A.B. asks: 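Dropping the structure in here first, questions after.
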Number of protein chains: 2
Amino acid sequence: MDKKTKELYKAKADVLKALGHPTRLWMAEQLSEGERCVCEFVKEIDADFSTVSKHLNILKQAGIVEDEKRGLNVYYKLKVPCILNSMSCVEAVLSAKLKSQIDMAK
Amino acid sequence: MDKKTKELYKAKADVLKALGHPTRLWMAEQLSEGERCVCEFVKEIDADFSTVSKHLNILKQAGIVEDEKRGLNVYYKLKVPCILNSMSCVEAVLSAKLKSQIDMAK
DNA sequence: AAACTATTTGGCTATTATACCAAATACGAC
DNA sequence: GTCGTATTTGGTATAATAGCCAAATAGTTT
């Protein structure tokens, strides 16, 4: 595999990796309903302000969300909304997995 | 956020996390063209046999691929092929990101 | 300008992930 | 059964990630 290909797969994997964390995935899904400010996320998750901020930054670096400061608050929104289209298939993976486990137990 | 919801997002994130590694993503995409045995992957990537095997195991644990032993070889194939549908959007994220970077540089 | 609020950054530690090597296992050929 | 090949497993060193705290920054209010 050549260097260019490696870099491309690294870049693509980084996008998926950014979504590969429960908190970040949840936040991304929340954003599909519209923009949120950091404080709204902090209220709903039991986590430190700095933790939430860092997670949002990872999503931003990945190119999934963008932020805008208005007054004291920073609002985040999805930059490329299609990123959540894949979730129905992720759920299909989970059902298939659950099914296998049930079959296994029989 | 309640415990059930947390567990669901953990499960969904784990699927995405499994694809969030260059080597694993590449292998998954290869499998979209048909099954492959471990040795075929090893030939194409510059990595140890055990490394490849472990990556495939992570994809298997995530429920993305399944394996079948035939003779000396173990063949892997996609269990839920739709999982690669999202790749066009991942590429859209990358183009959008690239575009931002170019605008930024102006 | 001082006080207050929202957010980010830096530092630290604990946990997890990655990759290699060596050893173990599974299977087929002889 | 012994040998050779394909794959997995265990061990270990290194690197990356996550989450908390404290400090820094940015904007608002008074």
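Predicted, not measured: the structure shown is a model, and the values here were computed from it. Order of the sequence lines fixes the chain letters, A, B, ..., with proteins taken first and strands second; residue numbering starts at 1 for each chain.
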A.B. asks: Does any part of the side chain of B:N85, heavy atoms only, come nearer than 4.5 Å to the side chain of A:S86, both counted from C-beta?
C.D. replies: no
A.B. asks: Can you give the first and last nucleotides of DNA chain D, 5' to 3', that have an atom under 4.0 Å from a heavy atom of chain A?
C.D. replies: D:dT17 to D:dT28
A.B. asks: Does A:K10 come within less than 4.0 Å of A:D14, counting only side-chain N to carboxylate O?
C.D. replies: yes
A.B. asks: Just to verify, what does A:Y9 make a side-chain hydrogen bond (donor to acceptor under 3.5 Å, both in side chains) with, not counting sequence neighbours?
C.D. replies: B:E29
A.B. asks: Calculate the interatomic distance between A:D48 atom CG and C:dT13 atom P; express it in whole Å.
C.D. replies: 17 Å
A.B. asks: Under the criterion salt bridge (Lys or Arg N to Asp or Glu O under 4.0 Å), I'd like the reasoning laid out for A:R70 against A:E35: C-alpha separation, chi angles, the key distance, then a yes or no.
C.D. replies: CA-CA 12 Å; A:R70 289 204 299 276; A:E35 63 171 24; 2.6 Å; yes
A.B. asks: Quick test of your reading: applying side-chain hydrogen bond (donor to acceptor under 3.5 Å, both in side chains), list the pairs with at least one residue in residues 94-103 of chain A, sequence neighbours left out, ordered by first then second residue.
C.D. replies: A:S100-B:K79
A.B. asks: Of all of residues 14-46 of chain A, which get a heavy atom below 4.0 angstrom from DNA chain C, listed by number?
C.D. replies: A:C37, A:V38, A:C39
A.B. asks: Can you give each donor-acceptor pair under 3.5 Å made by side-chain atoms of residues 52-62 of chain B, sequence neighbours left out, with the distance rounded to 0.1 Å?
C.D. replies:
unit_1	atom_1	unit_2	atom_2	d
B:H55	ND1	B:R24	NH1	3.0
B:K60	NZ	B:D67	OD1	3.3
B:K60	NZ	B:D67	OD2	3.1

A.B. asks: Just wondering, do A:I64 and A:V15 contact through their side chains at under 4.5 Å, heavy atoms?
C.D. replies: yes
A.B. asks: Mind running a 4.0 Å heavy-atom check of residues 51-80 of chain A against DNA chain C and sending the residues that fall below it, in number order?
C.D. replies: A:S53, A:K54, A:L72, A:N73, A:V74, A:Y76
A.B. asks: Do A:R36's NZ or CZ and the ring of A:Y75 fall within the cation-pi criteria of under 6.0 Å and 45°?
C.D. replies: no
A.B. asks: Rounded to whole angstroms, how far apart are CZ on A:F49 and P on C:dC4?
C.D. replies: 18 Å
A.B. asks: Quick check: is B:M27 connected to B:F49 through a chain of hydrophobic side chains (ILVMFWY, heavy atoms under 4.5 Å apart)?
C.D. replies: yes
A.B. asks: Would you say B:V90 ends up clustered with B:L98 if hydrophobic residues are merged whenever their side chains have heavy atoms under 4.5 Å apart, either directly or through other cluster members?
C.D. replies: no
